[in-house]
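First the structure, in the form of structure tokens, and then the observations on it.
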There are 2 protein chains.
Amino acid sequence: MGRRDHPTAEELYLSLREKGEEISLATVYRSLRSLAEEGRVATLPLSPADRFDPETHPHYHFHCLHCHRVFDLDLPYKPELDQTIEALGFSVHHHTLVFHGLCPACKKEV
Amino acid sequence: MGRRDHPTAEELYLSLREKGEEISLATVYRSLRSLAEEGRVATLPLSPADRFDPETHPHYHFHCLHCHRVFDLDLPYKPELDQTIEALGFSVHHHTLVFHGLCPACKKEV
DNA sequence: TTCAGTGCAAACCGTTTGCACTGGG
DNA sequence: CCCAGTGCAAACGGTTTGCACTGAA
């Protein structure tokens with residue numbers, strides 16, 4: 001819950017094991033799924049593996065095409081977008097805005 | 001290329017076979033991948049399966065949580081968002097905005 | 001005694017790939 | 001004759017699940 005780096009299920013599993021936590025990968029997946037169902041973590045469906053975020057207040061992300069890290073963006077959430085879509089006849093639950101490109105570190109590298 | 005319904009690779013494969021096209025699923029995947037690399041189709045990385053869109057001009061999508069259909073949205077693309085993120089030090093390739101909820105048909109049903 | 005939670009391994013599913021083949025140039 | 005494109009089946013990687021077990025209530 002303290003992590004701000006949007007780990008995948010496997011990354012979470014490995015870091016728990018490194019800490020001496022005796023947990024199986026299946027339990028990590030099951031726990032993440034129930035936490036997501038309870039709304040206590042957010043799931044970011046990214047390729048190749050989903051990433052998890054304990055910050056459930058809506059916010060936007062940057063996904064680096066090179067290192068595959070995910071960054072939280074300091075860009076205000078825009079609820080008015082949902083209203084625009086509702087006006088078209090849809091019932092909007094939420095929206096996801098993901099920017100794809102190179103993060104500052106990878107940008108320098110290339 | 002004529003389709004506006006964002007089929008998955010498998011949906012595409014099945015409809016081609018129904019038309020009498022003798023093609024394998026592997027070839028569908030390989031063709032979609034090279035078309036995507038050439039920029040002739042766009043890939044929408046959605047769960048559980050990627051969807052493909054011959055419309056490559058940037059635009060936004062609605063993903064129905066109930067019937068899983070994907071709709072093109074008549075909402076103007078906002079390139080200025082990329083500039084906001086570039087100002088934070090990122091190099092933005094593109095961004096994806098997907099609304100999740102119930103489409104007009106499923107909204108009535110429930 | 002019960003049963004929610006767990007570990008393990010197998011299954012699952014979308015996708016990719018190795019390999020042999022083939023047919024057009 | 002060559003090789004880009006194909007079919008087939010196996011492999012792959014992320015995720016889920018069946019089943020037996022366990023330990024707290």
Side-chain angles (χ1 to χ4, degrees), chain A residues 1-3 5-54 56 61-71 93-94 96 98 100, chain B residues 1-3 5-54 56 61-71 93-94 96 98 100:
Chain A
M1 277 305 186
R3 292 182 64 161
D5 63 340
H6 314 84
T8 63
E10 179 151 30
E11 286 167 357
L12 214 39
Y13 166 71
L14 290 174
S15 66
L16 286 168
R17 302 241 41 151
E18 273 173 28
K19 278 195 196 170
E21 206 61 60
E22 305 231 339
I23 194 173
S24 73
L25 186 53
T27 298
V28 171
Y29 273 107
R30 278 188 281 234
S31 303
L32 286 170
R33 191 140 70 111
S34 59
L35 285 169
E37 277 161 13
E38 291 166 20
R40 306 221 284 136
V41 304
T43 305
L44 286 82
L46 294 177
S47 280
D50 287 357
R51 293 174 173 275
F52 297 88
D53 193 343
T56 57
H61 292 101
F62 184 93
H63 189 201
C64 182
L65 296 170
H66 189 248
C67 67
H68 298 109
R69 277 185 294 178
V70 172
F71 301 81
H93 186 267
H94 69 290
T96 53
V98 181
H100 305 265
Chain B
M1 278 306 187
R3 294 181 63 161
D5 63 341
H6 315 83
T8 63
E10 179 150 32
E11 285 167 359
L12 213 39
Y13 166 72
L14 292 173
S15 66
L16 286 168
R17 302 241 39 151
E18 272 173 29
K19 278 194 193 169
E21 206 62 58
E22 305 231 339
I23 194 171
S24 72
L25 185 54
T27 298
V28 172
Y29 273 107
R30 278 189 280 236
S31 303
L32 286 170
R33 192 141 68 113
S34 60
L35 285 169
E37 278 162 11
E38 291 166 20
R40 305 221 285 135
V41 305
T43 306
L44 286 80
L46 294 178
S47 281
D50 287 356
R51 293 175 172 274
F52 297 89
D53 192 343
T56 56
H61 293 101
F62 184 92
H63 189 201
C64 182
L65 295 170
H66 190 247
C67 68
H68 297 110
R69 275 185 296 178
V70 172
F71 300 82
H93 187 266
H94 68 290
T96 53
V98 181
H100 305 265

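The model shown is predicted, which means the values in this text are computed figures rather than measured ones. Chain letters run A, B, ... following the sequence lines, proteins first and then strands; every chain starts at 1.
- A side chain to side chain contact (heavy atoms under 4.5 Å, CB included) with Leu35(A) is found for one member of Thr43(A), Val41(A), Thr56(A) and no other, namely Val41(A).
- Residues Leu65(B) and His68(B) share a closest heavy-atom pair of O-NE2, 3.6 Å.
- The aromatic rings of His6(A) and His61(A) lie perpendicular to each other, with more than 60° between the two planes, well past the 30° mark.
- The two residues Tyr13(A) and Leu25(A) come nearest to each other via the heavy atoms CE1-N, 3.4 Å.
- Distance Leu16(A) CG to dT6(C) P: 12 Å, rounded to the nearest Å.
- The 12-atom threshold is exceeded at CZ of Arg3(B), counting heavy atoms of other residues, nucleotides or ligands nearer than 6.0 Å.
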Contact string for nucleotides 8-25 of chain D, one letter per nucleotide 5' to 3', B = base within protein heavy-atom range under 4.0 Å, S = sugar-phosphate only, - = neither, reads B-----SBBBB-------
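- The distance from atom CG of Leu32(B) to atom P of dG14(C) is 15 Å, rounded to the nearest whole Å.
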